[in-house]
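What you are looking at is a predicted structure, and each value in this text was computed from that prediction instead of being measured. The first residue of the sequence shown is numbered 1, and numbering continues consecutively from there. Side-chain atoms are counted along with the backbone in the values below, which use heavy atoms only and exclude waters and symmetry mates.
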Amino acid sequence: MSQQQPPQPQFALLPKIVNGGIAGIIGVTVVFPLDLVKTRLQNQTIGPKGERQYKNMLDCFRQTMAAEGYFGMYRGSAVNILLITPEKAIKLSANDMFRYYLTLPDGTLPIFRQMLAGGSAGACQIVVTTPMELLKIQMQDAGRLEAQAKKEGKTFKRMSAMELTRSLMAERGIFGLYKGVGATGVRDITFSVVYFPLFATLNDAGPKDGNKTPFCVTPLDVIKTRLQTITKGAGERQYSGIIDCITTTLKYEGITAFFKGGACRVIVVAPLFGIAQSIYYMGIGEWLLGYPR
């Protein structure tokens, strides 16, 4: 009598999407103030005499709290929380889906296939990530520009996310929301190619610490942030593209400029993904929708 083969596990996408959405909302709510500080540090440029608006991460926190209060630290969070649901849902569930379909018949998943799965997930998420980050950056950086304008005796008009969206759509159509998509894609694909295989390997080994990944892609994040910042302060530069941003930043600010906000990024991304991955693998979506866990 032949031995019956055990049933192959099936991949259920819907609960994965629910898990990713819940994970994203909780994660971004916890770390958003640090993300705001990161954006402001990355956007500030050094003056001709070495002057700078913020001395460091703590000084940026202090100035923001003094000028805008506690809730000022969450400026732009509504856009992020709204769009982080599909962003994390796409990123986390797509990685799981690609890993499922790229697994070999013997159940193994070679490192190259793991990297392909992660990079493919990163490529999928930029559909949502690019407009989300574009709008978030304008909202986060508004306080810095307002403080700068006040020092110069000028006025600065804050715009809501809806006003920004309407303005970009009117000027450039739907593609106005995808300013900086190239830099976003390079950053997210590179991050995902490294992060997901690293997480899977360390998860299997025991310790769960992929915290070095965010620092590696900080230069890409700086470039993306600067390209996506539409309104600039007095004397701040506009960039025509990725290469122009790299060469101009190198010329006027040196190599260290590409690591601005690096400490913040590590502090942001490590708990963000730690929280997100923990919530994702709790299986809340499976529980809510009645799928086996």
Side-chain angles (χ1 to χ4, degrees), residues 34-57 59-60 63-64 76 122 126 129-152 154 156-157 159 164 167-168 171-173 175-191 193-194 213-266 268-269:
L34 283 164
D35 188 60
L36 180 139
V37 170
K38 174 192 73 73
T39 296
R40 293 187 179 184
L41 287 174
Q42 288 181 338
N43 265 332
Q44 77 165 354
T45 54
I46 301 171
K49 297 180 181 177
E51 64 273 19
R52 60 184 71 196
Q53 192 169 353
Y54 308 114
K55 297 175 185 175
N56 49 44
M57 181 171 64
D59 184 50
C60 185
Q63 288 194 43
T64 303
I126 63 174
T129 305
T130 306
M132 176 185 77
E133 297 253 333
L134 181 70
L135 295 172
K136 181 196 72 172
I137 286 168
Q138 315 316 311
M139 304 293 286
Q140 287 182 328
D141 207 39
R144 183 183 71 87
L145 295 172
E146 187 175 43
Q148 193 179 95
K150 194 177 289 185
K151 282 183 181 178
E152 297 167 357
K154 300 175 182 176
F156 178 83
K157 183 184 180 297
M159 294 178 71
L164 282 166
S167 174
L168 288 166
E171 289 175 16
R172 308 178 191 180
F175 295 108
L177 295 174
Y178 284 86
K179 179 180 170 64
V181 65
T184 304
V186 172
R187 182 202 66 171
D188 288 347
I189 292 170
T190 303
F191 180 93
V193 163
V194 177
T213 309
F215 196 76
C216 298
V217 296
T218 294
L220 298 174
D221 191 54
V222 171
I223 294 164
K224 179 202 72 69
T225 299
R226 291 190 170 194
L227 286 174
Q228 288 191 314
T229 302
I230 296 167
T231 305
K232 301 282 187 176
E236 293 182 349
R237 304 172 190 91
Q238 289 282 3
Y239 307 102
S240 60
I242 295 174
I243 300 301
D244 180 47
C245 183
I246 293 170
T247 54
T248 304
T249 301
L250 270 174
K251 179 180 178 181
Y252 291 101
E253 300 176 67
I255 191 71
T256 56
F258 293 104
F259 292 91
K260 284 184 176 182
C264 260
R265 179 160 169 76
V266 172
V268 167
V269 176

Practice item. Taking the side chain as every heavy atom from C-beta outward, state whether Q138 and L134 have any pair of such atoms under 4.5 Å apart. Key: yes
Point to revise | With sequence neighbours excluded, residues passing salt bridge (charged side-chain N to carboxylate O under 4.0 Å, His left out) with K136 | key: D35, E133
Check your understanding: Is there a side-chain contact between I126 and Y178, using heavy atoms and a 4.5 Å cut-off?
Key -> no
Point to revise | Separation of R226 CZ from D141 CG (nearest 0.5 Å) | key: 10.5 Å
Check your understanding: Can you list the residues that meet the salt bridge (charged side-chain N to carboxylate O under 4.0 Å, His left out) rule with R40, with sequence neighbours excluded?
Key -> E68
Exercise for review: Answer whether the closest heavy-atom distance between the side chains of T184 and Q228 falls below 4.5 Å.
Suggested key: yes
Point to revise | Over all atoms of both residues, closest heavy-atom pair of L227 and C245 | key: CD2-CB, 4.2 Å
Exercise for review: Check whether the side chains of N43 and T229 place a donor and an acceptor atom closer than 3.5 Å, and report yes or no.
Suggested key: yes
Revision key, fill the gap. Separation between CD (Q140) and CD (Q42), nearest 0.5 Å, reads 10.0 Å
Review point. Less than 4.5 Å apart, any side-chain heavy atom of K38 and any of T225?
Key: yes
**Study point:** Nearest heavy-atom neighbours spanning T249 and A257
**Key:** CG2-CB, 3.5 Å
**Study point:** Nearest-0.5 Å distance that lies between atom NZ in K179 and atom CD in E171
**Key:** 10.5 Å
Point to revise | Set of residues satisfying side chain to side chain contact (heavy atoms under 4.5 Å, CB included) with respect to I189, sequence neighbours excluded | key: A123, V193
Review point. Atom CG of L41 and atom OH of Y54: how far apart are they, to the nearest 0.5 Å?
Key: 8.0 Å
Exercise for review: Give the minimum heavy-atom separation between Q44 and K260, together with the two atoms involved.
Suggested key: O-NZ, 2.5 Å
Exercise for review: Starting at CG of L177, measure out to CZ of R172 and round the result to the nearest 0.5 Å.
Suggested key: 10.0 Å
Point to revise | Closest contact, heavy atoms only, M159 versus M139 | key: O-SD, 3.3 Å
**Study point:** Results of salt bridge (charged side-chain N to carboxylate O under 4.0 Å, His left out) for D188 - residues two or more places apart only
**Key:** none
Study note, to complete from the structure: The side chain to side chain contact (heavy atoms under 4.5 Å, CB included) partners of T248 (sequence neighbours excluded) come to R237, Y239, D244, Y252
Study note, to complete from the structure: Output for pair (I246 CD1, I243 CD1), nearest 0.5 Å, gives 4.5 Å
Check your understanding: So do F156 and Q148 actually touch side chain to side chain, heavy atoms under 4.5 Å?
Key -> no
**Study point:** Residue list, side chain to side chain donor-acceptor pair (under 3.5 Å) with Q53, at least two apart or on another chain
**Key:** none
Check your understanding: Does a side-chain heavy-atom distance below 4.5 Å link V186 with I223?
Key -> no
